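Report on the structure given below.
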Amino acid sequence: MSIAGGVDIPGQRLVATEEEPEEKMIEAALRPKSLDDFVGQKRVRKQLSLVLEASKMRGRSADHVLLSGPPGLGKTTLAMIIAAEMEAPLRITSGPAIQHSGDLAAILSSLTPGEVLFLDEIHRMSRPAEEMLYMAMEDFRVDIVVGKGAGATSIPLDLPPFTLVGATTRAGLLPGPLRDRFGFTGHLEFYSVEELELVLRRSAGLMDMRISTEGFGEIAGRSRGTPRIANRLLRRVRDWALVNGVDDINAHDAASALDMYEVDSRGLDRLDRDVLEALIHKFGGGPVGLSTLAIAVGEETETVESVAEPYLVREGMVGRTPRGRVALPAAWEHLGLEPPEMA
């Protein structure tokens with residue numbers, strides 16, 4: 001992918017849902033600080049607002065909260081807002097970082113009363129730590145085992161009341177006993193184009209950008225229903241406008257900028273189009289096995305399956321069958337081709 005200065009960054013996708021390290025500070029500046037400023041997810045916001053307000057009226061920590069949904073929809077932002085609304089400190093960690101029960105015990109034992117613990121990718125936590133978390137969430141207590149074998153001793157440790165906010169992109173991998181211990185579960189859904197336009201207007205205001213209504217619509221339409229991608233595309237449009245001396249950005253300017261970055265009108269990038277073209281031109285629309293398809297586009301199997309396929313399937317361009325992947329009529333039409341007649 002090329003940036004404004006013409007430098008290629010290998011392996012980086014403009015429409016990827018993961019945050020790049022250098023983007024985290026920029027993203028933090030664009031994050032809303034309250035539920036009133038948070039755009040979209042109306043149902044979850046309303047329910048969460050009630051949970052938090054009731055907790056404040058009772059003078060107690062909020063119930064544990066589980067947020068699920070695809071990457072980039074605002075789970076981390078909502079965790080930060082929960083801490084801000086409860087006027088409590090926020091501790092951030094992730095499931096992969098907790099591989100032993102001792103890692104979790106160290107974090108829990110250092111929490112202060114009312115603190116909010118945000119555990120990202122909670123489904124990737126180790127099983128021993130997960131079992132320790134059951135007791136911590138329910139009874140605010142953990143048992144720390146000291147020693148080994150016959151001489152091992154269990155020492156109970158009381159914890160201050162705290163609120164756990166768990167986030168997961170794969171709620172189905174969470175065991176039932178863990179899901180049941182969350183007092184509130186919210187599932188975040190993809191954003192509509194209209195909601196993404198509101199996100200973009202807010203971000204553009206913070207970045208002092210002047211963009212027409214049609215320009216916002218052009219960027220939102222290519223953002224794959226994801227605010228993180230929308231803000232990333234907005235920054236790339238800003239770079240293009242700066243280099244080309246454009247002060248007031250219209251739809252044509254936005255389209256020109258994103259075309260240069262190879263993000264088309266449906267939000268597909270080079271990898272997405274390579275998958276479609278390989279399916280259609282090399283394999284006649286399929287079916288073809290995943291590993292064969294990955295070799296054809298020069299990518300790892302996991303990259304094709306976890307990065308390109310989810311959006312292509314959601315857009316109705318690729319189908320998964322027992323015999324392999326197939327290109328659906330929408331894929332042929334997107335590439336300007338006549339779809340074959342169904343037998």
Side-chain angles (χ1 to χ4, degrees), residues 11-12 16-28 31 61-84 86 88-146 155 157-188 226 228 300 302-303 306-307:
Q12 193 180 64
T17 51
E18 296 80 10
E19 280 185 305
E20 298 295 334
E22 64 271 16
E23 291 187 330
K24 289 186 177 180
M25 290 183 62
I26 302 175
E27 287 288 343
R31 292 185 194 275
S61 297
D63 285 345
H64 303 302
V65 175
L66 177 64
L67 301 172
S68 66
L73 299 186
K75 295 186 291 295
T76 302
T77 299
L78 282 175
M80 294 179 176
I81 288 175
I82 289 171
M86 297 301 295
L90 175 68
R91 185 86 57 95
I92 299 177
T93 186
S94 66
I98 301 175
Q99 292 305 308
H100 306 283
S101 57
D103 299 332
L104 181 62
I107 294 173
L108 293 174
S109 61
S110 63
L111 293 175
T112 58
E115 190 165 354
V116 176
L117 173 62
F118 176 54
L119 187 49
D120 199 10
E121 294 299 298
I122 190 173
H123 64 272
R124 296 175 61 186
M125 189 169 50
S126 69
R127 180 54 60 88
E130 185 181 280
E131 292 174 352
M132 174 179 283
L133 190 58
Y134 294 164
M135 185 180 296
M137 293 174 67
E138 199 162 45
D139 301 326
F140 297 109
R141 182 174 69 90
V142 294
D143 291 334
I144 300 176
V145 178
V146 179
I155 302 176
L157 177 64
D158 290 330
L159 303 174
F162 69 96
T163 298
L164 174 67
V165 180
T168 177
T169 55
R170 305 181 68 181
L173 295 183
L174 284 179
L178 181 56
R179 283 199 305 269
D180 293 343
R181 282 170 168 78
F182 285 97
F184 171 76
T185 300
H187 179 73
L188 276 60
T226 307
R228 181 179 297 164
E300 296 292 330
E302 185 178 348
T303 301
S306 62
V307 177

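Predicted, not measured: the structure shown is a model, and the values here were computed from it.
- One N or O on the side chain of Lys75 and one on the backbone of Pro70 form a donor-acceptor pair closer than 3.5 Å.
- Expressed to the nearest 0.5 Å, how far CZ of Arg170 lies from OG of Ser68 amounts to 13.0 Å.
- Closest of all the heavy-atom pairs between Gly69 and His187 is CA-CE1, 3.9 Å.
- Looking at every heavy atom in both residues, Ile98 comes nearest to Ala129 through CG2-CB, 3.6 Å.
- Two residues are said to be in side-chain contact when any heavy atoms from C-beta on lie closer than 4.5 Å; Thr168 and Leu173 fail this criterion.
- Put simply, the side chain of Arg181 does not reach to within 4.5 Å of the side chain of Leu133, judged on heavy atoms.
- For the atom pair CZ (Arg228) and OG1 (Thr76), the distance works out to 6.5 Å, reported to the nearest 0.5 Å.
- Looking at every heavy atom in both residues, Ala62 comes nearest to Thr163 through O-OG1, 2.8 Å.
- Here the straight-line distance linking atom CE of Met125 with atom CD of Glu130 works out to 5.5 Å at 0.5 Å rounding.
- Two residues are said to be in side-chain contact when any heavy atoms from C-beta on lie closer than 4.5 Å; Ser61 and Phe140 fail this criterion.
- Atom OG1 of Thr112 and atom CZ of Arg91 lie 7.0 Å apart (nearest 0.5 Å).
- To the nearest 0.5 angstrom, Asp158 atom CG is 12.5 Å from Ser109 atom OG.
- Between His123 and Thr169, some side-chain heavy-atom pair lies under the 4.5 Å cut-off.
- No more than 12 heavy atoms of other residues, nucleotides or ligands shown are found within 6.0 angstrom of CZ on Arg124.
- Arg179 contributes a side-chain N or O that, together with a main-chain N or O of Leu174, makes up a donor-acceptor pair within less than 3.5 Å.
- Here CG of Leu78 is found 10.0 Å from CG of Leu73. Values are rounded to the nearest 0.5 Å.
- Within 6.0 Å of the CD atom in Gln99, the count of heavy atoms belonging to other residues, nucleotides or ligands exceeds 12.
- The aromatic rings of His64 and Phe182 sit perpendicular to each other, their planes meeting at more than 60°, with 30° as the lower class boundary.
- Within the 4.5 Å cutoff, the side chain of Leu178 has heavy atoms near those of the Ile122 side chain.
- Shown here for Phe118 and Ala79, the closest heavy-atom pair between the two residues is CD1-CB, 3.4 Å.
- Between Leu164 and Leu119, the closest side-chain pair of non-hydrogen atoms falls below 4.5 Å.
- Residues Leu108 and Leu157 are not in side-chain contact: their nearest non-hydrogen atoms beyond the backbone lie 4.5 Å or more apart.
- The minimum heavy-atom distance linking Ala97 with Asp103 is given by the pair O-OD2, 4.0 Å.
- Residues Met80 and Ile92 form a side-chain contact, since some pair of their non-hydrogen atoms from C-beta on lies under 4.5 Å apart.
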